[in-house]
Amino acid sequence: MYAVLHTVVTPVAKAVWRPRVVGLENVPRTGPVILASNHRSFADSLVIPIVAPRKVVFLAKSDYFAGGGVKGTLQKAWFEGMGMLPVDRDDTKAALASLDTALEVLGRGEAFGIYPEGTRSRDGRLYRGRTGVAHLALTAGAPVVPVGLTGTERLQPVGARLPRIVPVTVRFGRPIEVDGRYDGVPAGRARREVTDEIMAAIQELSGQEQAGIYNDRAPDA
């Protein structure tokens, strides 16, 4: 399904929206890698896989996989075909287990996409990163490619049924290598420092104002 969707969807999407992509050479073509991005729209998890040079696995709300009937079946097939995995974000244990799922993806040598802010920004600012991204990088020894998205907040605003044709830019930064850099450093400190480094790189790519605080989950996120 992934191969079919990307054979059809990717060229059509690129032809219609013509996203500007910068730094594609920074994404390793093989091996485990984490793509850590700012989060401005529901559409972010579609835009990144469309322009990335390899399959990128994201986590998505389990609700998207649970619908019934023809619509539910097609929706589930779409999300699975785009390389997304379900997670129940209202279940604390399930949310924690999602980190294990991410490590399994990285352990297979695949690319995993994550939003360190935790949920999308509703005011356009870049919020403080949560340390799950650093936990994954340090545990898996995988490099982190920072990603800066601009324009996706106008692509499909909350409440819009269909995506709009607007300028979208995706910037991939240079990989941040963490393997071996924090040997002997207390785990909490290492995770915080790595996360802050990642968020600084994302901010440089996106140009967003830094909020300096954690973001709260939106009711409709």
Side-chain angles (χ1 to χ4, degrees), residues 21-40 44-45 47-49 51-60 83-85 87 89 94-121 125-150 170-215:
V21 184
V22 180
L24 202 61
E25 69 278 2
N26 290 321
V27 181
R29 295 322 194 249
T30 60
V33 63
I34 300 167
L35 272 60
S37 175
N38 61 328
H39 196 15
R40 310 188 74 165
D44 296 342
S45 298
V47 171
I48 293 174
V51 303
R54 57 186 292 189
K55 179 180 178 180
V56 182
V57 176
F58 277 92
L59 298 179
M84 298 185 188
L85 299 174
V87 59
R89 293 185 300 176
L96 291 174
S98 68
L99 292 176
D100 293 331
T101 299
L103 289 173
E104 290 177 7
V105 172
L106 295 169
R108 295 195 297 265
E110 299 179 17
F112 183 78
I114 190 172
Y115 305 113
E117 292 172 276
T119 189
R120 64 179 176 80
S121 171
R125 295 186 296 169
L126 184 69
Y127 284 80
R128 195 178 192 205
R130 300 181 186 276
T131 59
V133 61
H135 168 74
L136 295 177
L138 292 166
T139 303
V144 180
V145 173
V147 183
L149 299 171
T150 56
V170 185
R171 294 181 174 88
F172 296 97
R174 293 181 179 179
I176 297 172
E177 299 284 352
V178 301
D179 194 24
R181 282 176 52 194
Y182 289 88
D183 293 347
V185 178
R189 175 184 165 189
R191 289 194 293 266
R192 185 71 263 165
E193 289 185 3
V194 170
T195 301
D196 289 345
E197 181 180 358
I198 293 168
M199 296 309 295
I202 292 174
Q203 191 280 328
E204 186 174 345
L205 295 167
S206 70
Q208 292 168 274
E209 175 189 350
Q210 291 181 317
I213 57 175
Y214 292 113
N215 196 5

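Looking at every heavy atom in both residues, Leu24 comes nearest to Pro53 through CD1-CD, 3.6 Å. Closest approach of Leu149 and Arg40 over heavy atoms only: O-CD, 3.5 Å. Val33 approaches Leu106 most closely through the heavy-atom pair O-CD2, 3.5 Å. Residues Pro28 and Arg54 share a closest heavy-atom pair of O-NH1, 2.9 Å. Nearest heavy-atom pair across Val56 and Ala52 is CG2-CB, 3.8 Å. Residues Leu205 and Gly173 approach most closely at CD1-N, 3.6 Å, considering heavy atoms.
Side chain of Arg181 to main chain of Glu177: a donor-acceptor pair is present (N/O by atom type, distance under 3.5 Å, no hydrogens or angles). Under a 3.5 Å cut-off, the side chain of Tyr127 and the backbone N or O of Thr119 do not form any donor-acceptor pair. Checked by atom type and distance alone, the side chain of Asn215 never pairs as donor or acceptor with a backbone atom of Gly118 at under 3.5 Å.
Taking Arg130 as the reference, Tyr214 meet the side-chain contact (heavy atoms from CB on, under 4.5 Å) condition, with sequence neighbours excluded. For the side-chain contact (heavy atoms from CB on, under 4.5 Å) test, residues two or more places apart in sequence or in another chain that qualify with Ala190 are Leu138, Tyr182, Val185. Partners of Thr195 under the side-chain hydrogen bond (donor to acceptor under 3.5 Å, both in side chains) rule, at least two apart in sequence or in another chain, do not exist in this structure. The side-chain contact (heavy atoms from CB on, under 4.5 Å) test applied to Ala200 returns no partner, not counting sequence neighbours. Under the side-chain contact (heavy atoms from CB on, under 4.5 Å) criterion, Val51 pairs with Pro19, Val21, Val170, Phe172, not counting sequence neighbours.
Of the inter-residue distances, the one linking Ile176 atom CD1 with Glu197 atom CD reads 4.5 Å to the nearest 0.5 angstrom. Rounding to the nearest 0.5 angstrom, the gap separating the CD atom in Glu193 from the CZ atom in Arg189 is 4.5 Å. If you take CD1 on Ile114 and OG on Ser45, they are separated by 11.0 Å, rounding to the nearest 0.5 Å. Between the OG atom in Ser37 and the CD1 atom in Ile48 there is a gap of 4.0 Å [rounded to 0.5 Å]. Separating the CZ atom in Arg171 from the CD1 atom in Ile202 is a distance of 13.5 Å, to the nearest 0.5 Å. To the nearest 0.5 Å, atom CZ of residue Phe112 and atom OG1 of residue Thr101 are 8.0 Å apart.
Considering Ile198, Val144, Val145 in turn, Val144 is the only one that fulfils the side chain to side chain contact (heavy atoms under 4.5 Å, CB included) rule with Ile34.
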Give the C-alpha distance, both sets of side-chain angles, the deciding distance and a yes or no for side chain to side chain contact (heavy atoms under 4.5 Å, CB included) between Arg120 and Asp44. CA-CA 9 Å; Arg120 64 179 176 80; Asp44 296 342; 5.7 Å; no
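Counting non-hydrogen atoms of neighbouring residues, nucleotides and ligands closer than 6.0 angstrom, the CZ atom of Arg174 reaches no more than 12 such neighbours.
Residue pairs meeting the side-chain hydrogen bond (donor to acceptor under 3.5 Å, both in side chains) criterion with at least one partner in residues 202-211, sequence neighbours excluded, are Asn38-Gln208, Ser206-Gln208.
Leu103 has its side chain within reach of His135: a pair of non-hydrogen atoms, C-beta onward, lies under 4.5 Å apart.
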